[in-house]
Amino acid sequence: MAALLGSNLTSEVGLRLLLCPLGSNVVIRTACCSVGIALPVYSTFKAIESKDQDAQNRCLLYWAAYGSFSLVEVFTDKLISWVPMYYHVKFAFLVWLQLPPTNGAKQLYVKHLRPFLSRHQARVDHILGLAYSEVIKLVTSHQTEIQFVKNMIAKITGSDGSAGQRLRSSRESDRSLHHGSAEESAVPSDDESGQNNDSVLSERFLRAR
């Protein structure tokens, strides 16, 4: 009984937070991000790994519909941000896109997105080709500056190998110095060798007597 009351209380609190336009701004935005991005990313991962063509097609249709919606939302954000309950409507729309019974992404693609892109495909391809060629020209004309920036980043991060080479050379020099000092300590000095010779001669003289 207590578990049932606890579950009902949790559902009621969550529903009130979701439906309250003033107190649920963070909650509903998080829900939109989770339902609209996080869940489809995981579904796309499973579709790719399982090599299920139907699941991959559903994911492609969803991302096409979601991308189109996001593009429209960017340009109309200033106009629709003041609309009451907008994020609640957005949440319901994202759920509608993904639910198998409604199959909203396919409906949006077939009825609206596909006819629009089919009519303007040649123009869009022409614009994209011009933009691509301009980007190639820009990158080619600034190849020296780009290479300079890449070299600076490589020097700062040490990915060019110079930092690692300097570190290895310093370690090798430390090892050589340590090895040389150990050899010097192992070799007896002239005073120590003379004292050893005197002691040996004295022992021999005493034995002879």
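Fair warning: this is a prediction, and the values are worked out from it, not measured in the lab. Residue numbers start at 1 and run along the sequence shown.
- For residues 42-51, every residue pair satisfying the side chain to side chain donor-acceptor pair (under 3.5 Å) rule, not counting sequence neighbours, is listed here: T44-W63.
- Applying the salt bridge (Lys or Arg N to Asp or Glu O under 4.0 Å) test to every pair with at least one member in residues 138-154, sequence neighbours left out, gives no pairs at all.
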Below 3.5 Å, can you tabulate the donor-acceptor pairs from side chains in residues 105-126 to any protein atom, sequence neighbours excluded?
unit_1, atom_1, unit_2, atom_2, d
Q107, NE2, T102, O, 2.6
S118, OG, R114, O, 2.8
H120, ND1, F116, O, 2.9

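- For residues 56-73, every residue pair satisfying the salt bridge (Lys or Arg N to Asp or Glu O under 4.0 Å) rule, not counting sequence neighbours, is listed here: E73-K90.
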(request) Would you please test Q53 and N57 for side-chain hydrogen bond (donor to acceptor under 3.5 Å, both in side chains) and show each step? (result) CA-CA 6 Å; Q53 295 294 330; N57 291 332; 5.2 Å; no

Just distance, no hydrogens or angles: give the donor-acceptor pairs under 3.5 Å from side chains in residues 131-138, sequence neighbours left out.
unit_1, atom_1, unit_2, atom_2, d
S133, OG, G129, O, 3.3
S133, OG, L130, O, 2.7

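- Pairing each heavy atom of S68 with each of A64, the nearest pair is OG-O, 2.8 Å.
- Y86 is connected to L94 through a chain of hydrophobic side-chain contacts under 4.5 Å among Ile, Leu, Val, Met, Phe, Trp and Tyr, so both are in one cluster.
- The cluster map of Ile, Leu, Val, Met, Phe, Trp and Tyr, joined by side-chain heavy atoms under 4.5 Å apart, puts I28 and W82 in the same cluster.
- With sequence neighbours left out, Q143 forms a side chain to side chain donor-acceptor pair (under 3.5 Å) with no residue at all.
- By the 4.5 Å side-chain criterion applied to Ile, Leu, Val, Met, Phe, Trp and Tyr, M152 is assigned to a cluster that also includes F148.
- Shown here are the ring pair (Phe, Tyr, Trp, His ring centres under 6.0 Å) partners of F93, two or more places apart in sequence or in another chain: F69, W96.
- For V74, the side chain to side chain contact (heavy atoms under 4.5 Å, CB included) criterion is met by no residue, not counting sequence neighbours.
- With sequence neighbours excluded, the residues that form a side chain to side chain contact (heavy atoms under 4.5 Å, CB included) with V95 are V35, F91, L99.
- The side chain to side chain donor-acceptor pair (under 3.5 Å) check on Y62 picks up nothing, with sequence neighbours excluded.
- Of all the heavy atoms in Q98 and P40, the pair that sits closest is OE1-CG, 3.7 Å.
- When the side chain to side chain donor-acceptor pair (under 3.5 Å) test is applied to Q56, no partner is found at least two apart in sequence or on another chain.
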